[in-house]
Each structure stands twice: as structure tokens, then as C-alpha cells.
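To find a chain, count down the sequence lines: A is the first, B the second, and so on, and within it residues start at 1.
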Amino acid sequence: MTEPVIELHEVSRRYDGGPPALDSVSLRIAAGEAVAILGPSGSGKSTLLNLVAGLDRPSSGTVSVDGVRVDELGEAASARYRRAKVGMVFQFFNLLDDLTVADNVMLPAQLAGMARDQTRQRAADLLGKLGVAQHSRAYPGRLSGGERQRVAVARALMNRPALLLADEPTGALDTASGEDVQQLIKDLHADGQTIVLVTHDLALARACATRTIQLVDGRVAADTAMNRVR
Amino acid sequence: MSAVGGVVRSGVGRRRVQTVVVGLVVMLAVTAAVLGGSLMVASSAPFDRAFAQQNGAHLTAQFDAAKATAAQVSASAQAIGATASAGPFATTIISPDTARNRDSEPMTVVGRADPGGPVDAVSLISGRWVTGAGEIVLFSDGRLPEFFQPKVGDALSLPDLPGSPTLKVVGTARSVSETAGGWVMPDQIKALTAPGADSGYQMLYRLASAATAEQIDAARTTLLANVPAESLTGTRSWLVTRTNSAGNTVLYVPFLIAFGVLGVLMAVLIISNVIAGAVGMATRRIGILKALGFTPSQVVRAYLAQALIPASVGAVLGVVAGNALTVGVLAQTNRLYGTSDTGVSWWLDALVVAGALAMVAITAWAAASRAGRLRTVDALAVGRTKGLRHGHTAARLTARLPLPRPVSLGLAHPFARPARSATIIAAIAFGAAAATFAVGLGSTLNEVQATESHGDVIIHPGKRMSGPPPAGLPTEGQGRVAGGPPSPPDPVAVVRAITAQAGTAGYSGEADTQVTVAGLTNALDVLAYTGDNSSYGYRMIGGRWFSQANEIVVSTPFLTATRTKVGDSVVLTDHGVDITVRIVGEVFNTEDRGLQILTAATTLATAEPELRAMSYSIALKPGTDKAAYVKSLNTALESVEATAEVAEEDTAEFIIVVNALTTLLTLMLVVVAALGVLNMVVLETRERVHDLGVHKALGMTPRQTIAMVIASVVVTGLIGGAIGAPVGVLLQRTIATQMGNVTGFTLPASVVDVYQPMQLVLFGLGGLLIAVTGSLLPAGWAAKTRTATALRTE
Ligand SMILES: Nc1ncnc2c1ncn2[C@@H]1O[C@H](COP(=O)(O)OP(=O)(O)O)[C@@H](O)[C@H]1O
Ligand SMILES: [Mg+2]
């Protein structure tokens, strides 16, 4: 097995007083894998993803990405870590409504201080590749759900992240748009992108993932390698 | 607990920042209003108030004890129909020396066992009242320079009396009616009367009608007819005292009132601003409450209570702070006006608190009822950035600016909510305007004060005295001291001393006399100058300074009274000699109520060949140590009846208070404006918390977050400052000019144009400073929000 990109060791996370949202989870994800985290609502999937993204810290245990202890990063360092290594896609898109599609997509690069021309070029390329170039000057409010998620994916890929983290990317979409996004993720993985996908949609997991991890009540209930349905 | 109560409790608790801001703002506003209101009360008709507080004597009469008995004098009160009277008090005239001072002014001493009484209730300024032999309380005029103020503990020796007794100063006191130079126990008068000298009685009357000179004259005539012939040696009308006392105080009054108004106005504007903002921004929560079944009136009640609870706490604290601050300020106005205000009037406290709370209630009610009337779905939609179209152009434009992205993102924020931004701009503009205005007004006041100092060092006639100023002996009409003014020092000796002194740049000698001018009934003061430069410190309004004999310089009231203008000729009559002079300049000069004439001594040479300079003004070369200069000059003046002192220290304490007041008000205004910004940025941040989470998920560092939040107030701060500073200047000019008009003076440019261009730029940028200061805390909070939590709020 190749060097793990993501390594969680005995990770627990409890929110004040309640039962642990994650309970002593250990797992390793290697470069090039497409992992689907499955589980019912409230089982800790988003919590896990947030820990990997450095948006949250574990109550105990360690989270490493590319050998860096994400759980020990300060606020500024974790922001820089996300900029460099992580692209995130959310269920409700989380596009900024007062920025145009292009401005949304360029934002991560701009925060990272990438040169203006380069940023513009890369955003245009991505939007073209994802088939939403015609909307680049529109505001997200005008777009359909599927189009918005494509824009969100473009934004996530802007800084060429080593990791693409997607939290229920099809959860807010109709069936057709959902399949559309499913295809997109498949294509990205085919290009070698490491992906961690949170979903409770088994079909999506089957279509995209090389491996599924089943969470129940914050614990890993199953970890299965998959033969993808082509 | 009722549903409304629950909402109020959680509202006050949860919206901690807002609760604190409302409380603080109300506290500061109430403090400012109490202070400002007290200043307004204290400055309204100060002489009349001081006179009323002391039950001033409308008519003061002096009797010859040899020609009338105490009983006859006492009976005169009933004869003239006085509503109240005091006396007869035994009087005498003493000529005291002090350790440092020989040959000072004669002074009227009145025997009074008690400073109080139905008429002329004298206020003790320091020390205590006399209780026995060898003690004296001296008259003190708070407006006089420190130099002239008598001090408790000083000793006055009386070499003219047998046995050369001494009197110990045990207190100083102020009589608005100016009835005496000093007070001793009644049984001491006999001992203080030189053998063969006249002793007298003083009688003080209050009259039912004493508003006009005719009424006073009528009382005087009746008095004359009802006492033994020739026993009445002098009378003094309170109207004369009032006119004399007006002096410069008249000029300060509008200023102090303006400060007061400023404080009150600030309170009104800021309270409504913050409350409306706070309630207006709770619209979404109000929508939720309504969705839960709250009626509009329950919503209104909940928000009224939510605003009134912190406001009441703030108001109470503000009243306490305001009263504490006011006491110190009143000590100064008392000094200036002779009033005896001891604290804030209870009705003012009540009025301010009631006013502030009423204002909170009204604005909260208006804002909450507007939100309560909103359709619930619309109210719920408020607070989502979705569907806001306003800011798009601005966002596109700022994105092009060659600035770091977080900054350009922040710059676009205010355009997303133009109405709210307008409110912030108004708050900032108000803060900047008020600060500009207050500082300008303070400068104007300082400049008015500066016009009174002519030269760096002044030489007075006579030796340095720690005794009382000339005051108190009532004589017919004028109210001057018996024994006349001090005699002028030897001019040759003085000039020799001045010119020999290292550091002298120039000097002038001033002789004062009186002339009459055709068309004016009263005699006018004239200052006749000798020396090489006489224009020290005078601010010209038009024309030029006199340069030869028969040229005069006058102030606006003179021109108004004589219906003349610069360039006209007028005839002065001095000791029966007519002198035709030309008015060559208009100057700002408040002496003699603006009627004083300034001219060269040579103008009066034929009429008064004996006229000699009474005092001297000296300008020093730059860098000269004033204190050392004065010390060495006084040594040189050893054998001359004259004393040098550093000029410009007059009423310095009062100016310090005005400056402190300016600083205090400005600070409060700025703090309140910054609190307004803080309040709004907190709400703005709360609304944008989800977007903030997104930004952070995309890699925005805490520093970038702070930059973004601060940038979001830059535009509003700049606009607010750009509007506020000019408005403040306009206000200051309007008030200053108005003040000149009211008092009949044209103000010189130095008094009106007090701002330096750089200063104006700074005041403009002050708006930015206020905005940035107000945004710092919320920016820090924004940087610290937990991203994962923020993202969950959908
Ligand atoms: N910020 C939070 N504060 C308190 N509890 C939380 C927070 N985030 C998640 N939880 C709780 O942790 C558990 C796991 O949540 P989550 O990771 O969002 O589950 P999933 O994504 O699988 O639906 C749930 O019980 C949820 O209520
Ligand atoms: Mg989830």
C-alpha cells in the first residue's frame, strides 16, 4: 500500500456534553483513492470531514494529512493548509451570493495570493471544463442546483488541491442533476484526484468510490474495498 | 413566566453586545446631557442668577455716622418701601499693608457678624467667616487673575492705626452686589477707625420694582428725603454693578450654552440612532417570534423592554457620572459668574433621565412596530444575503481594484445594504462633526481669551499686593473706590528699566482717562499709548492701527453707537477741550463694553498734558524666559511704584476647564459614534456568519478576515468623516458669528477661522478612525468564529 495521504488515529470528537459524534476512529486513506463515507444522518460523517479539512479539532486523537498534524494547526496555519491542500464541496453549495460565478471560483486563488491573470485563466479553464463557462458573469442565484454544484466543484479545484472533500454533494439535487455531479466526480477520480465523499446515497457511493467506510454512531462499522460499477 | 418575559430575558442575555452598547450609549448620552444642561442653566443670565441667589442689594447706601443714627438709617428701609433690608452695618475705611506690599488701596470694611441675611448673602469662597478680633474676610472676584486673589492666612497690617495692629485673613468671600472690600466682626469697626476719621453705616435694600434706572432713582430720591440732611454720602444701584460685571462674561455665555446644547443634542441623536439600529436589525428574530404565534403588540412590548432594561441601567450610571463631573465644572462657572450653584438641579436630572428613556421607548417602539407589521415571511427572509441585488456593481468594481482580495471584498459590503450603511455614515458623520465643532469652539474661546492679553509681561502700578482688589465703597454713580485710582509710576524710571532689560523686544505704556463723544451720554474710556508699539495682541477687523496723533482705533460697538465707520472723523471732548480725531481702524476689544477708544498719548497732549501711563505691556524676544525676565525686571523696578508680572495667565483655570470640557465632550461623542459602528458591525457579522464560514473553508486566514471586516467600514468611515468635518466647521462658524451678532461685536478672523487645513483633513480622517476603532472588536470575533459551526447555520 502507498503512503497514506490521510491518517486518523483514535479520533474522538464530542460536542459539549453529548455522546461522542466520533468515537475512536482510526483510518488511512491513500493518494488516488476515492472513499465514500456512508452512514445514517447524525452518524458523524460531516464531523469526520470537518476534522480532515481542519475546520474543527478532535477532542482526542490525531489527524494527519500528507504528514502534517492538521489537529495541531493554528487558525492561520489551518487556513493556509486548506488553501493549499483541500477543496471542499457542500450539500448546499455554499456559493457566495453577492459574487459572480467567476468571482466565486477565483476566490481561493485570490486568498492564496495567486497572480491575477493566472487566476482568471485557471477559473475560465475550470468553468469551461465543467460546462458552466456561459454563466461565469452571472450570480449564483440565477443558476440551477446542478449548475451551482458544478461551480462549487470548480471553486474547490481552483488551487489544485491534493484532496477533494465533498459533503453530500448530490443531497440537494434532483435525480438528473445528481447523476450529472456523480459523473463529474467519477471523471475527476479517473484523472487521479483523491476524493473523500460523504453521502448516505449508496448508489452514488457505488458509482464513484473505490472504497466505502460505514459509520454508525461515530464508529467505523465497515470498511470495504469496492469494485466500481463501470 | 410570560412568553414576552422569556423573550426579553433571552434577548437581553443573548444579545449581550447590543445590550451593553445600548447601556453604554445611554449612559454617555445622559452624562453629556446632565453636564450640558447644567452648563446651560448655569450660563443663563448668570449675573441675575447670582444676584438672586445672594438676595443682592438693589440699592446700597452709605451714611455718615456722624450725621445719622443707626435707628434713623434703619428706619429708612420702611420709608422707601424696601421689601427686605440689611443693616445698618458699621463701616470704616482701612489702608492695609501686607508683608510684601506697602501703601495699597484704601478699602471699605463692613462689620458683619454673619455672611447670610435677607439681603446680600455673601458666599464664602475659602476659609471661614470672622469670629473675633484681628480677623478679616476679604472680597474676592473670581474673574480676577490669580495675582489679585487674596489668600487665607495673609496678614494685613494697619500702620495708620494706633499701635499698628494687624488683621489675619481667615476667609475670602464674594458679594455679587460688591458691598465691601472686606468684612470684620461689627465690634471691631471702632478699633479699625483711625482717630478723627469718618465712620459710617451701610444699608442694603431690596426693592419691589428695581428693573429700570428710573425706579432706582425714585427710590434714591425718597431715601434722600427721609434721612437727615447730608447724612447720605453715597448710593449704588445694582444696575451699575450689573453693567460693570457683564464684561467678558457676556462673550463666554453663548459658548458655554453652545457646549451645553451640543451635549444634549448628541444625546438625542445618538440614542435614537443606536436604538433604531438595534431593534431594526432584530427583524428576523421578530419574524420567528411571529411565526411562533406572537402578536405584533407582544413583539413591540418585548423589544421595548429589551431596550429599556439596559437603557435604565445606563441612565442611572449616566446621572451619577454626570453629577460627579458637573460639580467640578460648576466650581468654575461659580468663579466666573459669582453664582453659588452647588450641584445639578434635581429637576434637570429627572428631565434628562425621563427624556432619555422616553427617547429610547419611542424609537424602540417605532422600530419594533415597523418590524412587527412586516409580513412574517418577509421578516424571516431578512438577514439572508440571498436576493440582495444592491451590492453587485460595487462588488464587481471593487474586485478590480489592485488590492488584496479580503480588502476588496470588505469594501463592497456597505453597498449591499445602503440603508444600514447610511445609518452608520450618519453616526460617524455626527461624531466627526461634533468633534470638529467642539474642538473649533474651544479654539474660538481660547482665541477670544487671547485677544485680552497684550504683550508677554505687564507692569502694574503699585507694589505687589495680596490684599483685595479695589472694590466696595459705594459712591454716587460710578462705583469707584474712594481715594481714586492708584497713581501712575514714574514713566522715565519704568521705561529705563524696561529698555535696559535683556529680552525686551518692545513695549507700550497705557494711560487711561475718559472722554465724551458727541451723541453718547456716558463718558468713554480711552487708552492713550506711549512707547514703540501699542498694538500687541489686538486683532484688527478693518482699517489699520493708529500711527500718529489724532488717529483712533475702536471696536464695533463704538461704531454702532456713534453711527460711524472707519475713515470717519469724530470729536472727542477731554477736560473741555475738543479734539477732532479720525477713526483709522476697527479692532476686537471688549473693554468698556466695546466702547473703549485706543489712541496715541499725543492725541490728548493738549487736553491732558499731565497724563501718564498707568501700566505697561512688554513684548519679549522669542525664547526669553518669562519668569526670569519678570524677576529681574522687578528687581530693576525696586525703587519704582510698579510691579511686573507675566501676562496671559488671567483666568487660565477657566480656560483649562473649557478645554477639559471640550476634550471630554469630544471623547464622549467619538466613543458613542464608535459604539454605534461596533453595534452595526456586530449585527452585520452575525448576519454574514455563514458567508464567513465559507470564506474560511476556502482558506481565509484570521488576519484576512480581520482585514475584510475592517475594510467593510472604511468607505462608510471616509464618507462619514468627509460629511462630518465640514458640517462641524459650518456649525462652529455659525455659532461664533451668531455669538458676535448677539453681543454686538464683529469677531476677528483669528476667532472665527480657527481650523488649520491639516487639522480639517485630520478631522475628516477622524471618521475613518472612529469606524475602524468600532470595527476592531467584531473583526476579532469574526476571525475567531468556528468555521464548522458557522457552516451549520443554514
Ligand atoms: N457544532 C455542533 N454542535 C453540537 N453538536 C453537533 C455539532 N455538529 C454536529 N453535532 C452533532 O454531532 C452528531 C454528528 O453530526 P454530523 O457529523 O453532522 O452527522 P452527519 O453528517 O453524519 O449527519 C450529531 O448528533 C450532531 O447533532
Ligand atoms: Mg452531514
Which one of A:A77, A:A156, A:A76 has the most heavy-atom pairs closer than 4.5 Å to chain B?
-> A:A76
Find the one option among A:N50, A:L107, A:V86, A:L95 whose heavy-atom pairs under 4.5 Å with chain B are most numerous.
-> A:L107
Cation over ring, A:R83 on A:Y81, under 6.0 Å and within 45°?
-> no
Relative to chain A, which segment of B:A783 carries a heavy atom at a distance below 4.5 Å: side chain, backbone, both, or neither?
-> backbone
If you count heavy-atom pairs under 4.5 Å with chain A, which of B:M700, B:H695, B:R405 comes out on top?
-> B:R405
Above 12 or not: heavy atoms from other molecules or residues under 6.0 Å from CZ of B:R703?
-> no
Whether over 12 other heavy atoms sit under 6.0 Å from A:R69 CZ | yes
Under 4.5 Å between any side-chain heavy atoms of B:V682 and B:W781, yes or no?
-> yes
